[in-house]
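These notes are about the structure you will find just below.
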Amino acid sequence: MSMLFGFLALLCGVVLTSQIGSNALLGKLLGDSYIPAAVNMIIGVVTTSALLLIVHKPLPAATTAAAVPWWIWIAGGALGTIYLTGNILLAPKLGAGALVGLVVTGQLLFAVLCDHFGWLGFAQHSATAWRAVGCLLLIGGVALIAKF
């Protein structure tokens, strides 16, 4: 892994935690935890649309788009909304450290399973003993951070 990619991934973690915090704060200030999720998605559509216009890549052919299974079209947006709304609701109750630690732990545990079984189009990478140890260490670390 290149150092640049590692740094960019760390930066994504900073962005994600900032997003969670700003959305939770917006929910608190508005007195409604669901409005920030809608605002986030609307701003996301506008930002992504602008990015599509700037990049100038041709859109996929209609036949290519039609060949994609229906659930793939829906899953990303629906799961994104569930994730985003869950973070907004849980952030004030758990705090940033515990919430992000638990989210990352859930992501990593499921990612190891996806790699092991090749789920969701990921290349198959066996769940080795070292990966299991890493998962256990992460669980232990998040338990210390979340004070379970």
Quick one: side chain to side chain donor-acceptor pair (under 3.5 Å) partners of Y34, sequence neighbours excluded?
none

Tell me the salt bridge (Lys or Arg N to Asp or Glu O under 4.0 Å) pairs involving residues 31-54, sequence neighbours left out?
none

If you round to the nearest 0.5 Å, how far is SG of C12 from CZ of F7?
10.5 Å

Only pairs at least two apart or in different chains count here, so list each salt bridge (Lys or Arg N to Asp or Glu O under 4.0 Å) that has a residue in residues 3-26.
none

Pairs in or reaching into residues 98-122: which pass side-chain hydrogen bond (donor to acceptor under 3.5 Å, both in side chains), with residues at least two apart or in two chains?
D115-R131

With rounding to the nearest 0.5 angstrom, report the CG to CG distance, L59 to L52.
7.0 Å

Sequence neighbours left out, what pairs pass side-chain hydrogen bond (donor to acceptor under 3.5 Å, both in side chains) with at least one residue falling in residues 41-53?
none

If the condition is side chain to side chain contact (heavy atoms under 4.5 Å, CB included), which residues does I72 pass it with, not counting sequence neighbours?
V68, P69

Show the atom names and distances, to 0.1 Å, of all donor-acceptor pairs under 3.5 Å that link a side chain in residues 86-102 to residues at least two apart or in another chain.
from : atom 1 : to  : atom 2 : distance (Å)
N87  : ND2    : Y83 : O      : 3.4
N87  : ND2    : Y83 : OH     : 3.2

Can you tell me how far apart CD1 (I35) and CG (N40) are? Round to the nearest 0.5 Å.
13.5 Å

Common cluster, L84/I20, ILVMFWY with side-chain heavy-atom separation under 4.5 Å:
no

Connected via hydrophobic side-chain network under 4.5 Å: L113 and L120
yes

Test of understanding: with side chain to side chain contact (heavy atoms under 4.5 Å, CB included), list the residues that count as partners of S22, not counting sequence neighbours.
none

So SG of C114 and CG of L109: to nearest 0.5 Å the spacing works out to 11.0 Å

What pairs of donor and acceptor atoms, side-chain ones from residues 24-31 against any protein atom, are under 3.5 angstrom apart with sequence neighbours left out?
none

Go through the structure and list residues passing side chain to side chain contact (heavy atoms under 4.5 Å, CB included) with I42, not counting sequence neighbours.
none

With a 4.5 Å cut-off on side-chain heavy-atom distances among I, L, V, M, F, W and Y, is there a chain of contacts connecting I82 to M41?
no

Within the structure provided, determine whether S33 and T85 are in side-chain contact (heavy-atom separation under 4.5 Å).
no

Test: side-chain hydrogen bond (donor to acceptor under 3.5 Å, both in side chains). Region: residues 57-76. Which pairs qualify, not counting sequence neighbours?
none

My understanding is that a hydrophobic cluster links ILVMFWY residues whose side chain heavy atoms are under 4.5 Å apart, including indirect links. Using that, what else belongs to the cluster containing V55?
L51

Going by heavy atoms in the side chains, are V112 and H125 under 4.5 Å from each other?
no

